[in-house]
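The block underneath contains the structure these notes are about, expressed in structure tokens.
In this text the structure is predicted, and so the values were computed from the model without any measurement. We use all heavy atoms of the structure for the numbers below, so side chains are in, but hydrogens, waters and symmetry mates are not. Throughout, protein chains are lettered first and strands after them, A, B, ... in sequence-line order, and every chain is numbered starting at 1.
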Protein chains: 2
Amino acid sequence: MMKQKRRHVTLEHVATHAGVSRSTASLALRGSSHISEATRERVQASMRELGYIYDRVAANLRSKDSSTVGLIIMELANPFYSELLVGIHHELDKFGKTVILGTTFDSPAIQERLLSTMLENRVGGIILSAVPGSSSEPINRFRDLGIPLVLINRKLQGAECDFVGVDNVEGGRIAIEHLIRKGHRRIAFLGGLPQLSTWRGRKQGYDEAHRMAGLEIDPTLVIESRATRQGGIEAIQKLLALPSPPTAAFCYNDTIAIAVCMHLQSVGLVPGRDLAIVGFDDIPEATIFSPKLTTVSSYIRLLGEHAARLLHARIDGADAPPQSVIVQPELIVRDSCSDPAKKSE
Amino acid sequence: MMKQKRRHVTLEHVATHAGVSRSTASLALRGSSHISEATRERVQASMRELGYIYDRVAANLRSKDSSTVGLIIMELANPFYSELLVGIHHELDKFGKTVILGTTFDSPAIQERLLSTMLENRVGGIILSAVPGSSSEPINRFRDLGIPLVLINRKLQGAECDFVGVDNVEGGRIAIEHLIRKGHRRIAFLGGLPQLSTWRGRKQGYDEAHRMAGLEIDPTLVIESRATRQGGIEAIQKLLALPSPPTAAFCYNDTIAIAVCMHLQSVGLVPGRDLAIVGFDDIPEATIFSPKLTTVSSYIRLLGEHAARLLHARIDGADAPPQSVIVQPELIVRDSCSDPAKKSE
DNA sequence: CTGAAAGCGCTTACAG
DNA sequence: CTGAAAGCGCTTACAG
């Protein structure tokens, strides 16, 4: 497919031009200390003169290493994953690794296909945000092949590998504690699906905070939905249809929270006043949206950076047992969440 | 670096196991019609049994093609480029190409380094959103090497290659025509830098619409700034300090427009009422923000898809002269832009 | 329909 | 400090 208009310059040509052997040229090129300064300079001059392009792929083939890393996420058109990519790409860049991107749209079949493709493309390692409920078998296969894999954000049952994620239980807890401190007693948990390990964590935090405050949980206030804009709208509609709606809602994530707020506004209700809203993740939209979202920050970029660093350490041979990096979330108080008593901002 | 715990299974092993030669195994694997059904099945059974992983990189080396494409953009943490990536990735995926990502942060030096890295990584082609004012020499080098390169969004002087972008002149014109139709007579052009080909196009449309309506342009109403949130704030501050401010502002892009609106709100002004705002691009935030932005859609994803398709055609050997794909923009009327006469929404 | 040989562009021992 | 040889894992002519 790739056309070569001009004669392709290889190391062979450079070596001949510089009057040395291929091996010497190879060592000179990579700055080996076994090569005399004079020779190195001669080789470099030849490289420049001939317009030599180093073929890193051929080099990797021979030396059995890899300059790429696979990144598999749910989708790109999602601020959470965009931010994750930013963190990962930025960090990997420092190590001279390039990322090969794949999106699953939460399909287990696509995930398996992508995992195979990445293998075929000789990635040095994988960062995977796993499809909920997908098989851990292909993941453990990487371990057997000696190819490092780190799971990011979502845990996967049965997968024995490194993990980087936020403390969802803690995140759920601080969100609810904040709401309780504000005087709320009936607090909904809106959106997301129990298949997601993140959902279960946040729910557990929700439960624990209630228990610690001696508050009972009304199960009708826990409304599941897909973690999309549309899912958020469905959830808030169900909530508003309840005989006695709550005064506050903790949303599975900011996408849900924004959708909920928009729906409230569209029916003439004021988010923050008529229903206090707390989100999760602190995506960039959270500050653009009005009201500015009170939310639990996942430090998404940091998550990505941790995953990249951990993976890089593994590729470099750190052969320790599986490790987890858990980022501590933080409550970011903004405008979507006011006192239930005073009904005006 | 890459550890191989288990004995690595190569085509050699598969061939031996299936009782055929390496060449036959290679052909069978790729479904060549020169191989009998029986042999193919035998080879496939062996592949499965041995857990064979096809090495696409080695294959590409030998057959001199490439399954990767380089994408070089300004930055990832920018909705415009995120959307572009979505379109490109989605389309390239169909062709079985993986993208190698690079970000320049608008540094010419980084751009040159990335271009080299991509070359070293044997990309089959490049999609580049060029750093303004960067040299066209490295770009034309790709042409000489026979590696297709398509410029996206931003034009570059002196670069002889394919281009995909939006019709900025038309975009500027329809924005201003809309404002004029609404009754505005003094219209600012806010943000962006003349180094950007997109800025110059939009500015030209701004000029033309004024001329066609017989309106004079007040040059103090054209305020340059970096195309960032911060730049937008600076621009609107300068505008508000003017002795006789305009009734409407056409913003270089949506990021600027959102920053402008937020600043207006922060000083107690109402965007849309006190100052009509039109943006450009229609990034996802435009619908989340309040007021919902009236803007000129660049059809960002479509732009990306066009670029991917064009590049793919070039890689497949379409050896025609440089081609431009110009997407027609469209005005998306939402809420940030009301009549200057009636001072209430 | 299948196999033996050469080679893609590089690096890695091994000599000297 | 430098070179000749072998080989990474595959595909491509060329025979038969």
Only stems of 3 or more consecutive Watson-Crick or G-U pairs count here, both distances under 3.5 Å; name the ones for DNA chain C, or none. C:1-3 with D:14-16, C:5-12 with D:5-12, C:14-16 with D:1-3
So, is [X] close to the [N] phosphate, meaning a side-chain N or O under 4.0 Å from OP1 or OP2?
X: B:Thr39; N: C:dT2; answer: yes
X: A:Lys64; N: C:dT12; answer: no
X: B:Thr10; N: D:dG9; answer: no
X: A:Arg40; N: D:dT2; answer: no
X: A:His8; N: C:dG9; answer: yes
X: A:Arg56; N: C:dT11; answer: no
X: B:Ser63; N: D:dT11; answer: no
X: A:Thr24; N: D:dG3; answer: yes

Taking [atom1] from [X] and [atom2] from [N], how many angstroms apart are they, rounded to a whole number?
X: B:His34; N: D:dT12; atom1: NE2; atom2: P; result: 12 Å
X: B:Asp55; N: D:dC8; atom1: CG; atom2: P; result: 12 Å
X: B:Leu27; N: D:dA13; atom1: CG; atom2: P; result: 12 Å
X: B:Arg30; N: C:dT2; atom1: CZ; atom2: C1'; result: 14 Å
X: A:Ile35; N: D:dC1; atom1: CD1; atom2: C1'; result: 7 Å
X: A:Leu50; N: C:dG9; atom1: CG; atom2: C1'; result: 15 Å
X: B:Leu119; N: C:dG9; atom1: CG; atom2: P; result: 14 Å
X: A:Leu29; N: C:dG9; atom1: CG; atom2: P; result: 15 Å

Proximal nucleotide (of [options]) relative to the [X] side chain:
X: B:Ser36; options: D:dT2, D:dG3, C:dC1; result: C:dC1
X: B:Ser23; options: D:dA13, C:dG9, D:dG9; result: D:dA13
X: B:Arg62; options: D:dT11, C:dT12, C:dG9; result: D:dT11
X: A:Leu61; options: D:dC1, D:dT11, D:dC8; result: D:dC8

Sugar-phosphate, base or nothing in reach of A:Val57, heavy atoms under 4.0 Å: nothing
Exam field: side chain [X] to backbone [Y], donor-acceptor pair closer than 3.5 Å:
X: B:Asp162; Y: B:Gln323; answer: yes
X: A:Arg42; Y: A:Ala18; answer: yes
X: A:Ser66; Y: A:Gly124; answer: yes

Exercise: do A:Thr39 and A:Ser36 side chains pair donor with acceptor under 3.5 Å: yes
In terms of the nearest nucleotide of DNA chain C, which residue is placed more toward the 5' end: B:Arg42 or A:Tyr54? B:Arg42
When the nearest nucleotide of DNA chain C is assigned to B:Glu37 and to A:Ala59 on a heavy-atom basis, which residue is associated with the more 5' position? B:Glu37
Measure the spacing between CG of A:Leu11 and OH of A:Tyr52 and express it to the nearest 0.5 Å. 4.5 Å
To the nearest 0.5 Å, what is the distance between OG on B:Ser298 and CG on B:Leu303? 7.0 Å
Does atom CZ of B:Arg309 have more than 12 heavy-atom neighbours, drawn from other residues, nucleotides or ligands, at distances under 6.0 Å? yes
Would you call B:Arg154 and B:Asp106 a salt bridge, using N to O less than 4.0 angstrom? yes
